[in-house]
Amino acid sequence: MTIQQRRRTLIQGASALAAGALFAPAFVRAQANAPIKLGTLTPLTGAGGPYGPVMANTVKAVVDTVNAAGGVRGRRVELVSEDDQTNPEAGVRAARKLIDVDKVSAIMGTWASSVTTAVAPLCWESKTFLCTVSGADSITQLPHQGYLVRTQPNTTLQGRKFGEFALELGAKRVFYMSPQTPFTQSVFANIKAALEKGGATAELLIYDDKKPSLRTEVDQALRFRPDLIFMGGYAPDTTVLVKDVFRANFRGKLLTLGYAVNQRVAEANPEATEGVYTMAPSPAEGSGAFKRVAEIVKNANPDPYSCQVYDHVSMVLMAIAQGRDSSGAAIRENIRKVSQGGGRAVDNAVDGIRAIVAGEKVDYNGASGPCDFTDIGDILDCKFRYEQARKGKIELIRVA
Amino acid sequence: MIDALVQALINGVIAGTILAVPAIGFSAIFAVLNYPNFTIGSLAAAGAYAGYLANTQLGWPLALALGAAFAGAAVVGVAHEWAAVRPLQKAGALIMAIASLAGGIVVENLLRFAFGNEQRGYELPLARDIVFAEVYRIGPQQMKNFAMALGIMAAIWAFLRWTRTGRSMRAVADNRDLARLRGIDPERVAVVTVAVGAGLAGFGGMLIGLDTTLEPFMGQRLLLSIFAAAVLGGLGSIPGAVAGALLIGVVEEVSVLFINPAYKSAVAFAAILLVLTFRPAGLFGTRQG
């Protein structure tokens with residue numbers, strides 16, 4: 001290399017360095033002001049179809065409100081909504097898109113336990129935070145490294161409550177009918193334990209939820225001579241089942257989940273659903289956050305999943321504000337700092353972010369409940385809503 | 001146990017008879033056009049919704065609404081054939097089958113767009129089952145559906161046997177070139193076959209909807225059973241489709257008594273595997289080539 005060449009190289013290198021030094025702060029600044037990207041993965045179709053669209057709109061409304069109030073520490077929030085079709089394969093495809101293409105730092109609202117179970121590993125491997133409304137016990141037992149919380153009570157708690165309610169209805173012989181789901185076995189085990197404690201017995205039949213008729217399965221159930229049939233499926237198969245139970249002249253009691261015989265199912269099948277009892281984890285009715293969800297969804301009685309997903313997005317945004325960082329890892333580190341442990345009680349993201357920016361400790365009280373989590377991501381406390389279908393309407397019995 | 005078995009057989013024969021209606025449609029289309037039309041499930045759903053509109057919006061009685069289901073599915077089936085499958089005719093049967101699979105997804109999503117995701121039902125009182133011989137039971141609607149399925153099958157049999165168009169369809173299915181030499185227009189026969197096949201799917205879809213419920217994805221539930229019935233009976237054979245559907249219906253119901261439903265698909269496929277091992281062309285099929 002000649003002296004001239006060496007000098008040229010030196011000058012080029014120095015210029016490059018100078019240019020780098022000149023543009024570096026702008027680059028860092030751009031990163032700091034880059035929009036925060038969040039995703040919803042709700043069932044817009046399939047068995048969860050009645051809930052997913054409302055859930056996605058609820059998250060959008062919260063994001064719009066936060067953006068209108070100046071974003072999170074000056075950063076705008078961008079939301080990408082995908083459809084999991086209540087189907088694990090479709091859920092995984094959509095999650096891959098959210099993580100790899102959209103590069104979201106949190107995914108919120110996965111509904112069916114099978115979808116959440118399939119999507120969770122993608123999230124923890126990519127350090128994307130996952131908030132879910134799925135109930136299967138197995139979900140929080142996954143090795144998720146803290147990248148997951150859920151606002152739905154787990155199936156151990158739900159199963160025990162179902163069993164206790166069946167006993168309260170006077171059941172001595174309970175037949176549990178359900179399609180194969182990640183929570184079928186654990187719900188049944190917990191129902192059975194609660195029933196046996198009260199001197200009752202239980203039997204399980206798993207059916208294929210794709211069958212257009214469940215007559216033979218109902219015959220199997222009736223051979224057990226049950227005084228209560230618990231229907232553990234989703235709305236499409238439960239509609240088929242409840243009709244076949246009616247046709248079979250079953251005169252005992254029927255108990256199911258709130259999403260399986262919901263208002264629409266009861267309205268469409270008033271005869272078959274007459275007298276069916278339903279149970280669902282109850283939102284925190286009367287709380288400030290609950291009222292805000294009611295306003296967003298324009299329904300005085302918003303469903304539990306819209307309430308839960310409202311809490312997801314509120315907590316995630318506050319955790320980002322708390323950590324001054326929008327990465328999934330920062331959300332993991334900070335979500336419990338804004339949701340529990342005392343401090344100023346807040347019920348929405350805008351107030352929470354404002355308080356955090358002002359240096360205050362906040363404790364979020366959500367629309368679905370207090371939103372306090374165990375180390376593995378389960379909620380500590382939840383109420384249940386007991387209802388009954390009467391003449392095509394779902395009527396409240398009590399919240400306890 | 002015998003009671004349970006007999007009851008499962010009754011349920012299976014009825015379910016199989018109803019399943020036979022769209023299976024005949026599938027087999028007829030295969031016989032004349034030489035490709036498996038996987039839109040058949042979505043066409044069943046389209047027919048069920050056409051019948052739903054006629055029944056709930058126009059107030060037509062169920063028998064007339066079944067006609068609307070047939071006609072509605074026939075129109076959708078022919079439109080789908082022209083738009084999605086026919087332009088790919090030269091690419092071969094596999095590409096046509098894939099196009100029909102894609103077309104089925106489009107039809108389903110159009111139904112979702114038009115009717116929403118929620119479940120719907122016909123204006124039909126829900127009746128308790130009739131108990132006979134003390135232990136067996138059968139639903140009044142089940143019996144009516146059974147009778148209507150038999151009726152449409154008889155009508156199709158008569159149509160194929162005694163009408164000129166029906167005979168043309170059989171001729172084209174048998175030997176396309178020979179039929180053309182006899183002055184039969186295979187293109188016209190193809191359109192009629194698709195219309196009749198799709199119409200049968202729609203009719204069957206409404207019969208299933210009458211006993212259960214309507215939702216845009218109901219076709220997906222049916223597609224595998226229809227396909228299994230047609231393969232089992234021998235693709236392209238109408239009596240084969242009926243026998244295959246009866247066998248699938250009975251196997252699906254009786255297996256509930258013995259096998260965990262999680263393995264149901266395995267049972268259906270094991271049945272297909274078993275039959276095809278001994279009769280590669282299906283129960284009633286004939287070897288080609």
Side-chain angles (χ1 to χ4, degrees), chain A residues 43-53 83 85-87 177-181 184 204-220 222-223 234-251 262-265 267-274, chain B residues 1 3-5 7-12 14-15 18-19 108-109 112 116-121 125-131 135-142 205 207-209 211-218 220-225 249 252-257 260-265 267:
Chain A
L44 305 182
T45 52
Y51 301 106
D83 177 14
Q85 300 177 25
T86 329
N87 174 323
M177 299 180 81
S178 170
Q180 187 66 272
T181 66
T184 304
L204 165 72
L205 180 129
I206 294 173
Y207 60 79
D208 173 14
D209 58 355
K210 299 279 185 292
K211 263 183 86 187
S213 160
L214 294 168
R215 287 174 166 272
T216 305
E217 289 79 353
V218 170
D219 287 334
Q220 286 280 81
L222 298 189
R223 251 170 242 124
Y234 291 121
D237 47 294
T238 304
T239 308
V240 174
L241 180 59
V242 81
K243 281 183 173 179
D244 280 338
V245 167
F246 175 90
R247 291 182 180 119
N249 267 312
F250 177 67
R251 305 284 177 174
N262 54 28
Q263 187 54 51
R264 281 183 184 165
V265 173
E267 244 171 56
N269 307 282
E271 279 172 299
T273 58
E274 182 62 26
Chain B
M1 192 63 211
D3 292 345
L5 199 62
Q7 181 70 61
L9 274 172
I10 295 170
N11 295 344
I14 293 173
I18 293 167
L19 183 67
E108 259 174 13
N109 281 282
R112 270 176 58 200
N117 280 321
E118 67 262 39
Q119 299 178 321
R120 289 161 191 270
L126 195 63
R128 304 261 185 196
D129 284 353
I130 298 157
V131 177
V135 283
Y136 306 121
R137 61 188 184 85
I138 190 164
Q141 190 60 44
Q142 229 185 343
L207 287 184
I208 290 165
D211 204 31
T212 58
T213 184
L214 282 189
E215 45 143 352
F217 292 118
M218 62 186 286
Q220 283 182 7
R221 292 174 176 228
L222 301 173
L223 183 59
L224 190 63
S225 302
E252 281 187 352
E253 294 301 321
V254 173
S255 67
V256 171
L257 303 179
N260 184 326
Y263 305 115
K264 193 202 88 173
S265 304
V267 172

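This structure is a prediction, so every number in the text was calculated from the model and none was measured. Just so we're on the same page: letters track the sequence lines, and every chain starts at 1.
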B/A4, part contacting chain A, at a heavy-atom distance under 4.5 Å: both
Could you give the distance from CZ (B/R128) to CZ (A/R251), rounded to the nearest 0.5 Å? 4.0 Å
Between B/Q141, B/E215, B/Q142, the one whose heavy-atom pairs under 4.5 Å with chain A are most numerous: B/Q142
Go through it in stages, so that I can follow the logic: the residues are B/D129 and A/R215, the test is salt bridge (charged side-chain N to carboxylate O under 4.0 Å, His left out), and I'd like the CA-CA distance, side-chain angles, deciding distance and then a yes or no. CA-CA 11 Å; B/D129 284 353; A/R215 287 174 166 272; 2.9 Å; yes
When heavy-atom pairs shorter than 4.5 Å are enumerated against chain B, which of A/G49, A/S213, A/A248, A/P50 gives the highest number? A/A248
Looking only at A/T45, A/V240, A/L205, the option with the highest number of non-hydrogen pairs under 4.5 Å against chain B is A/T45
Between A/A272, A/A268, A/P236, which shows the greatest number of heavy-atom pairs under 4.5 Å with chain B? A/P236
Taking side chain as C-beta onward, heavy atoms only, is B/R137 less than 4.5 Å from A/V218? yes
For the interface with chain A, which of B/P125, B/G121, B/A127 has the highest count of heavy-atom pairs at distances below 4.5 Å? B/A127
B/V256 versus A/K211: any side-chain heavy-atom pair under 4.5 Å? yes
Would you say that B/L126 contacts A/N269 through its side chain, given a criterion of any heavy-atom pair below 4.5 Å between the two side chains? no
Among B/D211, B/T212, B/T213, which residue meets the side-chain contact (heavy atoms from CB on, under 4.5 Å) test with A/K243? B/T213
For B/L257, is it the side chain, the backbone, both or neither that has a heavy atom under 4.5 Å from a heavy atom of chain A? both
Are A/D237 and B/R221 close enough, and set up right, to give a salt bridge (charged side-chain N to carboxylate O under 4.0 Å, His left out), and what steps lead you there? CA-CA 11 Å; A/D237 47 294; B/R221 292 174 176 228; 5.4 Å; no
Bottom line for B/E253: the part with an atom under 4.5 Å from chain A's heavy atoms is both
Using heavy-atom distances under 4.5 Å, tell me whether B/R120 contacts chain A through its side chain, its backbone, both, or neither. neither
